[in-house]
Amino acid sequence: MIKNVIFDMGQVLIYFSPDLYIERLGVSREDSEVLLREVFRRVEWVQLDHGTITEAEAVESICRRVPPHLHKAVEELVFRWWARPLNPVPGMKELVAEIKNKGCGIYLLSNANIQQCRYHDRIPGTEYFDGRIVSAECKLIKPQREIYQLLLDTYGLQAQECLFIDDSPLNVEGAYCAGIRGIVFDDDIPRLRRELREAGVMVKL
């Protein structure tokens, strides 16, 4: 029986949209391509989520690869990408509330940097959450089995009573390795509702 539902954050509760964050800076198309590649698609972004480097260290490393006129943009993206309005996934807040009203525990398990605590309250459905584990804070990262086990241990949960929702098949596989059933979310709320019902969480279709 499923008693707890665990949510990923990016692409599940909110859209993580590097293109949009870069567009807000008003840089040229060519510079946008550089920033997308060098900030969001290099190892530093993963290291920030893992908590193995600081933001200042990430900026210093990235700036060695980009022209000087983009250094301020790099700083803005690394330090403050989250400071402007977040884009909620439509229908997800309502689904979280419905699951909570069914008596389930609601938890967050996210790969995110140390700044997550500063915008956590702006994430849709936050008011229904019973706990959170963020990768940079514990220096573990999905799909490492240890981060799922940390969630279970921290909140006294039984793996077989939990269901994990993430947009990454690799992260869902990590949950299965920890004994937690999972659903891959592909931005299709009706399908997610069907899969939740199949798992025993009786949400509306």
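Only heavy atoms go into these numbers, but all of them, side chains included; no hydrogens, no water, no symmetry mates. Along the sequence shown, the residues carry numbers beginning at 1.
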Atom pair [atom1]/[atom2] of [X] and [Y] - distance to nearest 0.5 Å:
| X | Y | atom1 | atom2 | answer |
| --- | --- | --- | --- | --- |
| Leu192 | Ile183 | CG | CD1 | 5.5 Å |
| Met1 | Gln158 | CE | CD | 14.0 Å |
| Ile62 | Arg37 | CD1 | CZ | 12.0 Å |
| Asn111 | Gln144 | CG | CD | 9.0 Å |
| Leu35 | Phe40 | CG | CZ | 8.0 Å |
| Arg181 | Glu195 | CZ | CD | 10.5 Å |

Locate the shortest heavy-atom distance separating [X] from [Y]; write the atom from each residue and the value.
| X | Y | answer |
| --- | --- | --- |
| Gly125 | Val96 | O-CG1, 4.0 Å |
| Trp82 | Arg122 | O-NH1, 2.9 Å |
| Arg24 | Pro85 | NH2-O, 3.2 Å |
| Asn171 | Pro143 | OD1-N, 3.6 Å |
| Leu70 | Val66 | CB-CG2, 4.2 Å |
| Cys162 | Leu152 | SG-CD2, 3.9 Å |

Are [X] and [Y] close enough that some pair of their side-chain heavy atoms sits under 4.5 Å apart?
| X | Y | result |
| --- | --- | --- |
| Phe7 | Ile123 | no |
| Ile133 | Leu108 | no |
| Ile6 | Tyr148 | no |
| Ser135 | Ile147 | yes |
| Asp49 | Val134 | no |
| Ile165 | Leu196 | yes |
| Phe185 | Met92 | yes |
| Leu151 | Tyr107 | yes |

Salt-bridged, [X] to [Y], with N to O below 4.0 Å?
| X | Y | result |
| --- | --- | --- |
| Arg194 | Glu198 | no |
| Arg65 | Glu44 | yes |
| Lys93 | Glu98 | no |
| Lys72 | Glu76 | no |

Is there a continuous path of hydrophobic side-chain contacts, each under 4.5 Å between heavy atoms, that joins [X] to [Y]?
| X | Y | result |
| --- | --- | --- |
| Ile99 | Ile189 | yes |
| Trp45 | Ile14 | yes |
| Tyr128 | Val201 | yes |
| Ile53 | Val39 | yes |
| Ile180 | Leu163 | no |

Please check this pair: side chain of [X] against backbone of [Y], looking for a donor-acceptor N/O pair closer than 3.5 Å.
| X | Y | answer |
| --- | --- | --- |
| Lys102 | Val203 | no |
| Lys142 | Leu109 | yes |
| Asp130 | Gly105 | no |
| Ser168 | Leu170 | yes |

Go through the side-chain N and O atoms of [X] and [Y] and say whether any donor and acceptor fall under 3.5 Å apart.
| X | Y | answer |
| --- | --- | --- |
| Arg132 | Gln116 | yes |
| His69 | Asp31 | yes |
| Tyr15 | Asp187 | yes |

- Task: Begin with the C-alpha distance, continue with both residues' side-chain angles, and end with the deciding distance and a verdict on side-chain contact (heavy atoms from CB on, under 4.5 Å) for Glu161 and Leu157.
- Result: CA-CA 7 Å; Glu161 296 177 347; Leu157 309 180; over 6 Å; no
- Message: Are more than 12 heavy atoms, taken from residues, nucleotides or ligands other than Lys100, located less than 6.0 Å from that residue's NZ atom?
- Response: yes
- Message: Counting neighbours of CZ on Arg118 that are heavy atoms of other residues, nucleotides or ligands and sit closer than 6.0 Å, is the number greater than 12?
- Response: no
- Tell me whether the centres of the aromatic rings in Tyr176 and Phe164 are closer together than 6.0 Å. no
- Strictly under 6.0 Å, is that where the ring centroids of Trp81 and Tyr119 end up? yes
- Message: Using the rule given for side-chain contact (heavy atoms from CB on, under 4.5 Å), can you reason through Val89 versus Gln11, listing the C-alpha separation, both sets of side-chain angles and the distance that settles it, and then say yes or no?
- Response: CA-CA 7 Å; Val89 174; Gln11 314 305 94; over 6 Å; no
- When you look at Leu77 and Leu25, which way does the side-chain contact (heavy atoms from CB on, under 4.5 Å) test go after all the steps? CA-CA 9 Å; Leu77 292 170; Leu25 299 177; 3.9 Å; yes
- Item | Stepwise side-chain hydrogen bond (donor to acceptor under 3.5 Å, both in side chains) check, Gln47 with Glu57 | CA-CA 10 Å; Gln47 290 174 318; Glu57 289 168 338; over 6 Å; no
- Item | Derivation and outcome, side-chain contact (heavy atoms from CB on, under 4.5 Å), residues Leu13 and Thr126 | CA-CA 10 Å; Leu13 297 172; Thr126 296; over 6 Å; no
